[in-house]
Engineer: 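First, the structure itself, so that you have it in front of you.
One-based numbering, in listed order, for ligands and for the atoms of each.
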Amino acid sequence: MIISGKELALKLKQEMAGEVKTFPAKYGRVPHLVVILVGEDAGSISYVKGKAKASEEVGIKNTTIRKPETISEEELLQIIADLNADDTVDGILVQLPLPRHINEDRVIEAIDKSKDVDGFHPGNVAALWQKQPCVLPCTPKGIIKMLRTAGVEIEGKNAVVVGRSNIVGLPVAKLLLDANATVTITHSRTKDLGEVTRRAEILVVAIGRPKFVTPDMVSDGTVVIDVGVNRDPETGKLCGDVDFAGIEPKASIITPVPGGVGPMTICCLMENTIECFLRKMEK
Ligand code: GUN
């Protein structure tokens, strides 16, 4: 079975749109998400457009601020400080990666924790690992929603995560652990990776390399979540981290690329923006 993140995201966005429609009467306005894009990276431009389009679908106000590659860290921090102080802004997202002369950690830390819709602020990361209320990072949150919607029982399962990034690998491992899976975190330098992945009942791959996971690395009946967004070096088309054609016949459930995890990430960004808005309005 192929899980369409696109279809699930569409349904969830429609539900959110219905909720957002009630906000002007209740709170006097709709949520406002500000996305900052530095430079001209084609991937980042496309992601930011997707975020603006989803905002429109849900009825969230979106402002995209575009700045040239040459912007100084100081200028960027000033923009963030102004947005932090602006009461009409509920969510702030700085699209990553940033140019090398800008310290990403400093930028992420500068965003007010209560407006950190990505869930990347150290305060939110710490809260996640300490089981405190927090903004959940969008991709891991979207993955858990897809698993639950597909009826996958997580509790007691052997879950293997390939990748250990702050954005996906580590937080998705934590969410699976909180759902009572037994979790193994692996990476590109794990010895005999296939030995480990073959034992997975749920396999989440976020390594960023086309066809990194081959059919021999996956056992029959595995639930395969592919977080990769790569270009196939042969066809130039978008592809994931797993060899989809080879693994789909073995997997009990698999997510496609495109149309799998990606749309769910953006959907959860919308949900996080609404959450930050409501937390402020209901204070
Ligand atoms: N770059 C790749 N994924 C993400 C994301 O989820 N958030 C931000 N801000 N940048 C990204």
Engineer: Suppose the criterion is side-chain hydrogen bond (donor to acceptor under 3.5 Å, both in side chains): which pairs have a residue in residues 65-79, not counting sequence neighbours?
Structural biologist: E40-R66, S72-E75, E73-R106, Q78-D82
Engineer: One thing to verify: whether R279 and E275 come together as a salt bridge, which I'm taking to mean a side-chain N less than 4.0 angstrom from a carboxylate O.
Structural biologist: yes
Engineer: Once you round to the nearest 0.5 Å, how far does CG of N180 lie from CD1 of I154?
Structural biologist: 9.5 Å
Engineer: Using a 4.0 Å heavy-atom cut-off, which part of T139 comes near ligand 1: side chain, backbone, both, or neither?
Structural biologist: neither
Engineer: Considering only heavy atoms, which of L93, L96, I92, V229 lies nearest to atom 2 (C) of ligand 1?
Structural biologist: L96
Engineer: State, without any angle test, whether N62 and T64 hold a side-chain donor-acceptor pair at a distance under 3.5 Å.
Structural biologist: yes
Engineer: Residues two or more places apart in sequence or in another chain: which of them pass salt bridge (charged side-chain N to carboxylate O under 4.0 Å, His left out) with E234?
Structural biologist: none
Engineer: How close does the nearest protein non-hydrogen atom get to atom 4 (C) of ligand 1, and which residue and atom is it?
Structural biologist: Q95 NE2, 4.2 Å
Engineer: Please round to the nearest 0.5 Å and tell me the distance separating atom CG of L147 and atom CG of L176.
Structural biologist: 7.0 Å
Engineer: Of all the non-hydrogen atoms in the protein, which one sits nearest to atom 8 (C) of ligand 1, and at what distance?
Structural biologist: D118 OD2, 3.4 Å
Engineer: Could you tell me whether V94 and ligand 1 have an N or O pair separated by under 3.5 Å?
Structural biologist: yes
Engineer: Does T265, backbone or side chain, put an N or O under 3.5 Å from an N or O of ligand 1?
Structural biologist: no
Engineer: Of the side chain and backbone of Y47, name the one, both, or neither that has a heavy atom under 4.0 Å from an atom of ligand 1.
Structural biologist: neither
